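Structure, as structure tokens:
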Amino acid sequence: MKTVTSFRRGNRQLITEQMEYAFRDIEKKWQEFWEKNQTYRVEDQTDKPKYYVLDMFPYPSGAGLHVGHPLGYIASDIFSRYKRMKGYNVLHPMGFDSFGLPAEQYAIQTGQHPAITTEQNINRYIEQLKNVGFSFDWSREVRTSNPDYYKWTQWIFMQLFNHYYDKDADKALPVSSLTEAFSKGGSKAVNAVCDEDVPTFTAEEWNAKSETEQYEITLKYRLTYLADAVVNWCPALGTVLANDEVKDGVSERGGYPVEKKLMRQWMMRITAYANRLIDGLETIDWSESIKEQQRNWIGRSYGASVKFQVEGKAQTIEVFTTRVDTIYGVSFMVIAPEHELVPGLTTPEQKEAVEEYVNATKRRSDLDRMMEVKKVSGVFTGSYVINPFNEEKVPIYLADYVLAGYGTGAVMGVPSGDQRDWNFASHFGLPIVPILDAQRGIEEQADATKEGAYINSGIINGMGYKEATATLTAWLEERGLGKGKINYRMRDAVFSRQRYWGEPVPVYFKNGLPYLLDENDLPLELPAVDKYLPTESGEPPLGRAADWKYKGEYEYELSTMPGWAGSSWYWFRYMDPKNENELASKEAIQYWKGVDLYVGGSEHATGHLLYSRFWNKFLKDIGVAEQEEFAKKLVNQGMIQGRSNFVYRVKESNPVTFVSAGLKNQYEVTPLHVDVNIVDQDVLDIEKFKSSRNDVPSDAVFILEDGKYVCGWEVEKMSKSKFNVVNPDDIVEKYGADTLRLYEMFLGPLTDSKPWNTNGISGTFNFLRKLWRLFYEDQTGKYLVTEDQPTAEELKVLHKAIKKVGEDIEVLSFNTSVPAFMVLANELTTLKCHKKAILSDFVRILAPFAPHISEELWAALGNEAGTVTTQSFPEFNASYLVENSFEYPVQINGKVRTTLTFPADANPKEIEAEVLANETVIKWLEGKTPKKVVVVPKRIVNVVI
RNA sequence: ACGGACGUGGCGGAAUUGGUAGACGUGCUAGACUUAGGAUCUAGUGUCGCGAGGCGUGGGGGUUCGAGUCCCCCCGUCCGUACCA
């Protein structure tokens with residue numbers, strides 16, 4: 001067995017082989033032990049308090065894990081192991097978000113079924129994960145692409161279809177209560193979230209409708225529904241693309257043009273939950289930045305909608321405003337260039353100018369529009385609206401600062417109260433009317449104040465802001481010209497994908513209307529297809545399935561669900577992963593409730609994390625979930641960046657010449673990425689470099705410094721193309737999993753992004769070897785541990801570490817606990833302490849971080865094998881840390897000049913007297929009398945002259 | 001352009017939350033043991049200065065006996081975004 005002794009050569013290898021920290025043997029042994037003994041298997045039936053630690057499960061890509069992926073898993077694993085030692089029953093599962101585009105893309109290219117590729121990738125992932133020694137309960141593993149899993153994704157879809165959102169109850173209710181209300185009181189008996197175009201009807205009219213007509217009406221209320229939505233359609237690929245697959249108007253893969261197209265899509269009525277999604281943020285311990293992103297994404301604003309009559313026409317233009325109180329200050333109206341009313345409003349004289357403007361807008365990218373905020377542009381349509389309050393004519397303009405997709409696509413311009421409107425009015429010479437007596441300097445810029453009393457404002461003259469808003473809103477509502485309104489930026493979510501590798505939607509069509517499958521027919525499994533491409537007629541890949549009909553006669557829905565479907569409820573499945581009758585049993589959900597700590601990347605801020613909250617709230621409404629929010633606490637681990645190495649090729653050199661980084665300024669060079677795995681401490685392995693690349697001729701010349709070729713470096717994203725990917729398997733092979741775990745934590749705060757630099761790893765490796773030497777003598781391998789009583793000093797250093805590590809784990813500050821271990825090992829080495837009483841506790845506090853070596857040493861101390869996992873975490877005893885004296889830094893005018901030791905309980909008066917009598921202090925006083933002496937007990941003394 | 005996070009030695013980072021800045025690790029220098037060293041041990045390592053000492057946490061100002069930490073202005077990096085009415 002080759003072990004760490006590969007560091008050594010010669011005879012001594014034979015002698016020292018068993019003595020040194022043989023991490024490979026140790027880690028393999030304990031991983032096998034854990035597997036065989038099901039050490040991490042979690043039981044649901046226990047008296048212990050529960051704790052649920054969840055990692056965002058990965059998509060199993062073909063590239064495997066790199067060293068950045070395990071960061072969050074290691075952190076959550078440490079926390080899970082710690083919680084177990086603190087007496088909790090900890091659920092800490094892992095699974096795979098295994099539907100996704102890369103597998104499908106691969107299938108298109110190779111014809112291989114995505115299930116096969118996915119399975120292979122998952123196996124590779126599991127192998128890599130097991131290598132790191134995580135305490136996952138693998139018996140609970142889930143895969144979203146397994147039919148026994150997606151059966152329940154489909155089941156949730158069916159529940160969404162069978163429910164509508166009742167605004168009065170403020171929750172989802174079954175469609176049966178909707179139809180019941182209709183039959184009793186007509187459409188006005190119901191206050192529900194629905195499509196814009198729902199008809200009004202009486203109970204009699206409802207009851208007179210045919211079953212089909214009634215069904216069609218309910219489709220406008222259900223929480224999942226069909227609608228025409230704008231999608232990114234790529235004709236060349238024959239498919240719809242997600243936003244992040246489109247770059248600069250062309251497909252990311254292949255660079256084919258992408259167009260906006262209206263398509264019939266399944267939608268999720270997430271907007272029904274907008275309020276609860278915002279309000280719920282107050283109740284969860286998530287980072288402020290994620291909460292802020294979700295708030296912005298949902299974009300709730302309170303205001304009013306107002307209808308303006310177009311002069312001389314029957315049309316009205318509706319605007320949304322958050323400042324209806326400023327309505328008497330309106331001097332123009334602006335509508336988006338894309339607004340559907342533009343052609344109708346344009347007068348013949350203005351036609352040319354308007355068309356030119358509309359075309360110019362189309363050419364500008366969103367980014368351009370964002371960057372040129374200060375530049376005012378716009379064009380007059382020639383038409384006017386009438387301000388309903390003062391009957392004044394208001395010109396209608398087009399301007400690209402108004403967006404068609406937000407609110408109504410039209411805004412009222414109030415130059416005195418809004419800077420953007422002010423800029424616009426100034427540019428076009430429109431009136432700037434003051435509306436509040438508290439507005440100041442509106443000749444120079446807008447003043448958005450809400451203070452003071454209204455002027456020039458008809459029915460609200462003299463009023464304050466609150467009263468004015470209420471008065472105006474009431475006035476509008478009485479006349480049917482407007483109403484108080486809450487506006488959201490968020491739209492309902494498109495739920496269809498014209499793809500193969502996703503959950504089939506459990507719907508069939510009869511006479512053009514969608515109907516759910518019978519629940520007994522779930523799961524609706526993915527049918528076999530000959531190719532993973534759209535059909536010739538442009539249907540999604542499922543259209544290729546032969547004889548794929550519901551009950552042999554009805555067409556199935558051919559689109560599949562999006563990537564986020566399976567991940568929006570997976571935390572429930574871990575609670576009861578094998579259940580065939582429910583997504584998870586009532587008992588399991590009642591016991592585990594929800595996630596206590598969720599660890600994952602912040603890139604899912606508005607996707608996965610918002611959809612999951614939405615589905616969880618829905619599942620709560622229908623009595624499946626126990627809690628309104630699925631994850632109490634969320635921690636976003638930072639990204640691990642790559643650290644790239646470079647070699648410098650001298651331009652036009654013959655033979656090809658590379659110059660070491662320190663000398664490169666003397667030449668004209670081209671920097672080239674070089675694989676970081678053949679570089680050690682920035683020194684290039686020239687032989688490996690030559691043999692690994694075919695663009696390096698064997699006669700290449702290397703200009704060295706100090707006999708070495710030193711590479712340059714830069715921090716970049718970790719990616720294959722930059723040759724800076726580090727595979728955890730390689731690190732485990734060379735240093736062991738425990739070293740990897742410690743080093744990843746040691747790198748820096750969990751939530752910061754930081755570059756991976758293999759250079760530093762020997763520090764944590766050496767620490768473990770040092771720990772090993774507290775147990776076994778170097779060279780001889782003699783067991784050193786004694787039963788002696790620990791000294792006060794030894795107990796002090798131990799308990800300092802127990803305190804520090806315990807506190808650090810609670811706040812997930814793992815980067816600071818690793819140094820605490822190192823300090824402890826250093827101090828015990830200095831004290832030559834090999835006492836069992838001390839080392840036992842050391843091993844226990846280290847166990848969450850470095851489980852393999854801890855099991856090994858725990859057993860070496862004479863304990864039952866494999867039981868360090870179930871030990872209690874050592875209790876910190878403050879009495880060991882009590883000092884009877886304290887060394888005071890003594891400052892003169894804030895600068896430390898000396899230190900003096902006083903008894904811990906010395907009173908400030910005594911300290912002051914002794915300090916002033918001190919030689920060094922007297923010297924610095926230079927005969928002056930101190931103005932003031934500050935004595936902070938057990939902190940500091942400051943003498944102010 | 002706005003919002004959020006951040007800025008400390010050659011590098012990764014610590015700092016009891018207002019109290020000795022640079023813990024710990026890496027790297028580097030010198031030495032010991034050694035046939036050897038990517039092992040181990042010892043000493044040193046922010047910067048200027050022979051020294052006493054001065055300076056020092058992106059820059060400038062402020063509060064305080066005392067500021068890396070709190071406040072104001074500016075610069076820079078990263079992440080996010082929506083000219084949101």
Side-chain angles (χ1 to χ4, degrees), chain A residues 4-10 12 16 20 287-293 296-297 299 301 303 319-323 334 366 369-375 399-403 405-414 418-421 423 487-489 602-603 605-606 638-639 641 643 680-682 713 715 742-743 746-749 751-757 759-767 769-770 773 778-779 804 807 813 815-816 818-823 826 829 887-899 930-936 938-945:
Chain A
V4 67
T5 50
S6 58
F7 284 148
R8 300 176 166 257
R9 281 165 248 137
R12 195 161 300 174
T16 56
E20 289 219 356
S287 78
E288 213 30 65
S289 87
I290 295 273
K291 289 190 193 179
E292 199 56 30
Q293 281 181 59
N296 291 341
W297 185 264
S301 52
V319 301
F320 173 76
T321 175
T322 54
R323 288 295 301 275
V334 187
D366 288 353
R369 284 171 69 164
M370 227 189 286
M371 292 308 164
E372 289 180 47
V373 173
K374 294 238 162 62
K375 219 170 126 193
D400 61 9
Y401 80 78
V402 174
L403 308 173
Y406 181 76
T408 58
V411 300
M412 59 185 217
V414 183
D418 182 284
Q419 188 58 43
R420 214 176 31 201
D421 294 346
N423 294 344
N487 194 46
Y488 299 96
R489 187 182 86 92
S602 56
E603 66 273 22
T606 50
M639 231 209 330
Q641 295 145 305
R643 185 181 185 276
D680 185 32
Q681 300 290 352
D682 293 333
W713 62 273
V715 172
L742 284 170
Y743 188 57
F746 187 61
L747 274 182
T751 52
D752 288 8
S753 23
K754 54 236 160 196
W756 174 268
N757 184 355
N759 290 352
I761 199 166
S762 57
T764 46
F765 182 56
N766 287 342
F767 154 69
R769 306 179 60 182
K770 199 166 212 170
R773 290 199 301 272
D778 203 15
Q779 318 292 326
K804 177 79 183 139
E807 288 170 356
S813 173
N815 59 313
T816 51
V818 179
F821 293 131
M822 292 174 169
V823 169
N826 290 345
T829 303
E887 191 183 65
Y888 282 85
V890 178
Q891 298 181 329
I892 313 290
N893 281 344
K895 290 199 192 317
V896 179
R897 298 301 181 185
T898 186
T899 57
K931 277 194 206 132
K932 189 173 177 184
V933 180
V934 182
V935 178
V936 186
K938 292 177 109 183
R939 280 281 147 82
I940 205 160
V941 179
N942 192 7
V943 180
V944 188
I945 308 175

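None of these values were measured; they are calculated from a predicted model. Throughout, protein chains are lettered first and strands after them, A, B, ... in sequence-line order, and every chain is numbered starting at 1.
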- Does A:Asp400 get its side chain close enough to the base of B:C83, under 3.5 Å, for a donor-acceptor pair? yes
Look at the side chain of [X] and decide which nucleotide, out of [options], has an atom nearest to it.
| X | options | answer |
| --- | --- | --- |
| A:Leu747 | B:G12, B:C24, B:A85 | B:G12 |
| A:Val934 | B:G19, B:C24, B:C11 | B:G19 |
| A:Arg939 | B:G19, B:A15, B:U20 | B:G19 |
| A:Arg897 | B:C24, B:G3, B:G54 | B:G54 |
| A:Asn826 | B:U26, B:U20, B:G25 | B:G25 |
| A:Ser289 | B:C24, B:G4, B:C83 | B:G4 |
| A:Trp713 | B:U20, B:G80, B:C11 | B:C11 |
| A:Pro749 | B:G27, B:G54, B:A14 | B:A14 |

- Message: Using 30° and 60° as the class boundaries, would you call the ring planes of A:Tyr743 and A:Trp756 parallel, tilted or perpendicular?
- Response: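 A:Tyr743 vs A:Trp756 ring planes: perpendicular.
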Mind checking [X] for me? I need base, sugar-phosphate or nothing, with any heavy atom below 4.0 Å counting as a touch.
| X | value |
| --- | --- |
| A:Lys895 | sugar-phosphate |
| A:Val936 | base |
| A:Lys770 | sugar-phosphate |
| A:Ser287 | nothing |
| A:Asp418 | nothing |
| A:Val944 | sugar-phosphate |
| A:Asn296 | base |

Taking the [atom1] atom in each of [N] and [M], what is the distance between them to the nearest angstrom?
| N | M | atom1 | answer |
| --- | --- | --- | --- |
| B:G25 | B:A14 | P | 15 Å |
| B:G7 | B:A15 | P | 12 Å |
| B:U20 | B:A5 | P | 26 Å |
| B:G59 | B:G68 | C1' | 15 Å |
| B:U57 | B:G9 | P | 10 Å |

According to the Watson-Crick and G-U wobble definitions, with both distances under 3.5 Å, which nucleotide is paired to [N]?
| N | result |
| --- | --- |
| B:G46 | B:C55 |
| B:A15 | none |
| B:U63 | none |
| B:C83 | none |
| B:G68 | none |
| B:A32 | B:U40 |
| B:C78 | B:G4 |

Under 4.0 Å between a side-chain N or O of [X] and OP1 or OP2 of [N]?
| X | N | result |
| --- | --- | --- |
| A:Gln681 | B:G27 | yes |
| A:Lys932 | B:C65 | yes |
| A:Arg420 | B:C84 | yes |
| A:Asn766 | B:U40 | yes |
| A:Asn815 | B:A14 | yes |
| A:Arg773 | B:C41 | yes |

Can you check whether [Y]'s main-chain N or O pairs, donor with acceptor, with [X]'s side chain at less than 3.5 Å?
| X | Y | answer |
| --- | --- | --- |
| A:Tyr888 | A:Lys938 | yes |
| A:Asn759 | A:Gln681 | yes |
| A:Lys754 | A:Pro749 | yes |

- Note on the structure: Closest non-hydrogen contact found for A:Asp421 with A:Gly413 is OD2-CA, 3.5 Å
- A:Val934 side chain reached by A:Arg939 side chain, heavy atoms, under 4.5 Å: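 The answer is no; the side chains never approach within 4.5 Å.
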- Map A:Ile940 and A:Trp297 onto RNA chain B by nearest heavy atom, then report which one ends up closer to the 5' terminus. A:Ile940
- In terms of the nearest nucleotide of RNA chain B, which residue is placed more toward the 5' end: A:Thr816 or A:Arg489?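 Closer to the 5' end of RNA chain B: A:Thr816.
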- Message: Measuring from atom CG of A:Leu742 to atom CE of A:Met822, what distance do you get when rounded to the nearest 0.5 angstrom?
- Response: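 Taking CG in A:Leu742 and CE in A:Met822, the distance rounds to 7.0 Å.
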- Item | From CG (A:Leu747) to CD1 (A:Ile761), nearest 0.5 Å | 8.5 Å
- Task: With syn defined as a glycosidic angle within 90° of 0 and anti as everything else, classify B:U17.
- Result: syn
